[in-house]
Amino acid sequence: MNRVRLLDLGAFAGYFVLAAYLGRLAVVDGSGLSLVWPAAGVAAAWLAVTGWQRWLVVDATAVFVLTVGVYAAVGASVGVIVSLAAATVVQTLVFGLLVSRWVPAWWGFGSEPPPGVQRLRDLAYLLVAALAAAAASALVGPTSILATTDASWTVLLSWTVRNSVGIIAIFPLSLLARHAARANTPDRAPTPVGPYRGSVLEFVALVVVSLGSCWLIFSANDMLPIPFLLLATSVWAGTRFSPWVADLHALLLATGVVVFTVLDHGPFSTIEDPVQQVLVVQAYVAVAVVLTLSLSVGRRESLALNQRLAVSEKAATEQAATMRTILDTMADGVSVVDGAGRILLRNPSAGLLVGDVRANDDGVLDAAGYDLRHADGTSVTADEYRAAFAGQVVDNMDLFVRNADSPDGRMLEVTARPIPGSDPPLVVIVFHDVTAVRRERDELSSFAGVVAHDLLNPLTVVEGWSETMLETAQAGIVVPPEKQVDQLDRIVRAAQRMQHLISDLLAYTTARDLRITPVRVDLRAMVQDIARARVEASRISEDPQPVITIAPDLPDVMAEPVLLRQVIDNLVGNAVKYVAPGVCPEIEVRGRHVEGDEALMVLIEVVDNGIGIPEDQHARVFDTFHRAHREGYRGTGLGLSIVKRIAERHGGTAAAAGNEGRGGTTMSVTFPAADLP
């Protein structure tokens, strides 16, 4: 037995003896009956700590021995002493048996006592268990008194009432006290100051009114039959204050009534028959205690329910706000409609993608007013609308819509699904803008077709001339050297076209997929390096050497160096290539700061004296595989597409314009500036 257990045993033994002594002081002269018996509640609280454990035998034995001592001190006979002590033990064990089945947390709680009575159902279990335990003990103890004396059956009734009231008044308060002193989670217990109590001023008023009522009832004029006034204070305490205040108020009220009655004060002292006096007082105390506890526990349960509801409401509100924020920030449009076609919820993206709500005076959606069309151009029928609103599942249906925000139209991927369990039935419709995806898919299909065609042509040339040369060699035919040179030249040029196309395809992919990490780039140094390379290449090919003029004040830019080099090299290379036969390319590279949509940009211009671009093709030259000049100039049609893609990935633009009065073209791109001008 450890130190804590010894302290528990000693403390409960002391409480039990004190309670039994006070109970003996409450004996009414002429009846031999005690008005109250708080020792019954102390014994129940004592054994509840241990529960059905090995120390229960020690505790029950201690209760038996102490009860024997108490009754022996008042001079009772041995038979009566033993039967009353046995009745006390039986009462406690029966109480433990019942509450351990109905409210297991109250029996054998050890170091984790529950924070009092928390539900009305548990209070009902406490009342029934206390009454049943007291009745069982009455069959053991008071029967010995009936057998040895001329006492009436009222002894059994008085015993049952006083002992059950003792348990009901003491046990809940003991749980609160034990939890506050020993529990590992004392924060779960109700505190005197908290959401269960009124203000301090109201508490003072309760004390004053209670004391005033006691004085008026038991002292000022004890002949007035107004003990019901104290019940009003019980209602006050139970409905406005914490379980601590309510339980203590009930206990002190019962104590006051008993003390005044024993001292022969108050309206109960006027009852001439001592036995009737005992029963009336016990009934009054029982009503006061049960009334206070019922109101207190009911208030506690309702407040706990309100707190849970408040927490749930707060969580629901926060969740709704979160969902609303998510919906409002989604790029996809979301609408919720009922079976009649009324829009119940709609996020901003739905309005942007589909357009303004079109409904009749009853709020019913006029779906036909949106002019939604299938991918093949056919209109969505009214039956299809009704089927979707009725809950028919629609998965990934492509629909075309045109509105004021999108005069060129959008391709939307629409999904509609019923919301499970909704009453009335609701349907959620999601609009996903797939215009760019579908355009890219179409472009990819076209891209694949063009690539296959452009690769197949030179491959056919290589294969055809290679087969011709092979057949000639196999036949032993001697081919003149100049003819062989012509055949091999055709094969080499076809292979070179394939090589250029593959190189441009790789560059196109790089421009699309390479991760951009902008750094400061010395634009003038990069252009000078590209110009030197182009001049050296023209010397090797014996073409006219280009004259490339570089502005001395080219600003630095923030860009991915590899991609920026591709842009400048493409533009300078085109300026060198697309000139009239026999004309020396003259190229000027210049740059200046300009205002961009979001930041300061550098406008880079490459001005040439070439053959120019037809005005109606200035925008189209940046399309994939588009070539403004197909005759006499080699190319794949990917160069300017690469330029535009790289510029846009840096947040810039690409454009083409003619040179007024001098011919040629000015190609321009913008990149983020590295410095302020």
Side-chain angles (χ1 to χ4, degrees), residues 436-437 439-440 443-444 447 451 499-537 548 550-577 587-608 619 621-626 635-656 665-677:
V437 175
R439 182 184 298 120
E440 185 174 350
E443 289 178 354
L444 184 60
F447 179 85
V451 168
Q499 183 181 15
H500 292 158
L501 178 58
I502 292 172
S503 297
D504 283 349
L505 289 173
L506 291 174
Y508 185 82
T509 303
T510 301
R512 182 191 64 187
D513 298 334
L514 181 66
R515 181 180 179 182
I516 294 179
T517 307
V519 297
R520 186 188 188 93
V521 179
D522 186 339
L523 183 59
R524 178 174 172 77
M526 177 178 285
V527 174
Q528 286 176 335
D529 186 56
I530 292 172
R532 282 193 297 268
R534 286 293 175 180
V535 171
E536 291 296 328
I548 303 176
I550 303 172
D553 57 349
L554 283 179
D556 291 350
V557 298
M558 295 295 295
E560 172 61 52
V562 173
L563 297 181
L564 179 62
R565 189 177 189 88
Q566 278 187 293
V567 170
I568 303 300
D569 191 53
N570 254 310
L571 296 180
V572 173
N574 282 350
V576 171
K577 179 170 61 174
I587 303 161
E588 180 185 2
V589 181
R590 62 197 183 198
R592 68 181 187 274
H593 288 96
V594 295
E595 290 293 334
D597 293 338
E598 298 181 358
L600 188 67
M601 308 293 285
V602 171
L603 175 65
I604 305 169
E605 294 178 321
V606 178
V607 184
D608 63 46
V621 292
F622 295 100
D623 293 343
T624 306
F625 295 114
H626 180 82
T636 62
L638 288 174
L640 292 181
S641 296
I642 295 172
V643 168
K644 182 179 180 182
R645 185 180 291 271
I646 293 175
E648 290 178 345
R649 290 192 66 196
H650 284 79
T653 59
T665 305
T666 297
M667 305 296 298
S668 60
V669 291
T670 57
F671 280 82
D675 299 304
L676 294 176

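With hydrogens and angles disregarded, a donor-acceptor distance shorter than 3.5 Å links the side chain of His650 to the backbone of Glu560.
Of all heavy-atom pairs spanning Arg590 and Ala551, the tightest one is CA-CB, 3.9 Å. For Phe671 against Ala647, the heavy-atom pair with the smallest separation is CZ-CA, 4.2 Å. Closest heavy-atom contact between Asp556 and Leu523: OD1-N, 3.7 Å.
Exactly one residue among Val557, Ile604, Leu603 makes a side-chain contact (heavy atoms from CB on, under 4.5 Å) with Thr670. That residue is Leu603.
Within the 4.5 Å cutoff, the side chain of Ile646 has heavy atoms near those of the Gln566 side chain. You'll find the side chain of Asp608 stays beyond 4.5 Å of the side chain of Val572, heavy atoms only. In this structure, the side chains of Met558 and Arg520 come closer than 4.5 Å at one or more pairs of heavy atoms. In this structure, the side chains of Val602 and His593 come closer than 4.5 Å at one or more pairs of heavy atoms.
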Query raised in the report: Do Lys577 and Asn574 pass the side chain to side chain contact (heavy atoms under 4.5 Å, CB included) test, and can you show the C-alpha distance, the side-chain angles, and the key distance before you say yes or no?
Result: CA-CA 5 Å; Lys577 179 170 61 174; Asn574 282 350; 4.2 Å; yes

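If you take CD1 on Ile587 and CE on Met667, they are separated by 12.5 Å, rounding to the nearest 0.5 Å.
In this structure, Arg534 pairs ionically with Asp569, as a charged nitrogen and a carboxylate oxygen lie closer than 4.0 Å.
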